[in-house]
Amino acid sequence: MRTRGGGRLLGREGRRMADAALFEFLHTEMVAELWAQDPDPGPGGQKMSLSVLEGMGFRVGQALGERLPRETLAFREELDVLKFLCKDVWAAVFQKQMDSLRTNHQGTYVLQDHSFPLLIRMASGLQYLEEAPKFLAFTCGLLRGTLSTLGIKSLVTASVAALPACKFQVVIQRS
Amino acid sequence: MAVCVAVIAKENYPLYIRSVPTENELKFHYMVHTSLDVVDEKISAMGKALVDQRELYLGLLYPTEDYKVYGYVTNSKVKFVMVVDSSNTALRDNEIRSMFRKLHNSYTDVMCNPFYTPGDRIQSRAFDGMVTSMMIQVC
């Protein structure tokens, strides 16, 4: 009874806060689990763990790409889809919008997040720079999956210069 | 009440197609297939007309003497096609829209199912149940 009352007090905001925390913990465990099996994977092993994470993100992104744009009207062009990614998808998953979106108008987009929620708990600066890519693989897959459902084939890579800021580079693959 | 409901993937192959079993099913399959051309036409026409933003519901695609065919496209270019009996004039636009909305919601649920691989035929019992509720009750 008491917990149910507490839930009603917190309302939708409370539930959303719980979602974010749950996702963060789950994500941390996923990365830890994939690395724990082989503490010193070597070059081949590490790549496989990264691609497993990316694959998971891809499948989640595909489902998100179907569920989130439900009420939106049809997208008119590629830039609209990228803007949707930066605003709605990021807000739904990370409770904030992407800080900047740049493009060269030839199929390459750079999405910049100055304080990425999955990195913010780790460090502020150059510490743990080598560990950061593991924590970005899932999100790269997420972006790629959402784009794929919305009809855009792409390649997504991430780079970190200094935690917690990171950049996602989306290159559209035109056949 | 629909006579035939179909879900077509963006590569134009059927993910799910179900019709009332009394009639020749091939006829409905053929109707759905021909309606795909009309859907493509509507999508490209609206794009060029620079309309504010294309709606997801496409409306009546084409009428035949016995049936009317309605269409709906999602943002992921998955098409829903519904064939209804022409004699059932009581069906208003609103009702067709709400049927498509239900279809879209159920399809989204199927997509979010981790055991479903996108691109496979839809075999979800929940989806089947929802479509049954939309189709004509045949005794």
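Keep in mind that the numbers below use all heavy atoms, side chains included, and drop hydrogens, waters and symmetry copies. Chain identifiers are assigned alphabetically (A, B, ...) following the order of the sequence lines, protein sequences preceding nucleic acid strands; residue numbering begins at 1 within each chain.
Every side chain to side chain donor-acceptor pair (under 3.5 Å) that R67(A) has, sequence neighbours left out, goes to D109(B). Residues satisfying the side chain to side chain donor-acceptor pair (under 3.5 Å) criterion with D88(A), sequence neighbours excluded, are absent altogether.
For F127(B) and Y107(B), the gap between ring centers reaches or exceeds 6.0 Å. Here F168(A) and W90(A) bring their ring centres to under 6.0 angstrom of each other.
Tracing side-chain contacts under 4.5 Å through hydrophobic residues (I, L, V, M, F, W, Y), one never reaches F58(A) starting from M111(B); they form parts of separate clusters.
T132(B) and R18(B) form a side-chain donor-acceptor contact under 3.5 Å, judged by distance and modelled atom types alone.
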Practice problem: Walk me through it: do S76(B) and E66(A) pass the test side chain to side chain donor-acceptor pair (under 3.5 Å)? | Solution: CA-CA 7 Å; S76(B) 50; E66(A) 195 63 57; 2.9 Å; yes

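In this structure, the side chain of Y13(B) engages the main chain of G119(B) through a donor-acceptor pair within 3.5 Å.
Contacts with chain B (heavy atom to heavy atom, under 4.5 Å) involve these residues of residues 143-153 of chain A, listed by number: S148(A), T149(A), L150(A), G151(A). The stretch residues 97-116 of chain A places none of its residues near chain B, where near means some heavy atom under 4.5 Å from a heavy atom of that chain.
Within a 6.0 Å radius of NE2 in H33(B), no more than 12 heavy atoms belonging to other residues, nucleotides or ligands are found.
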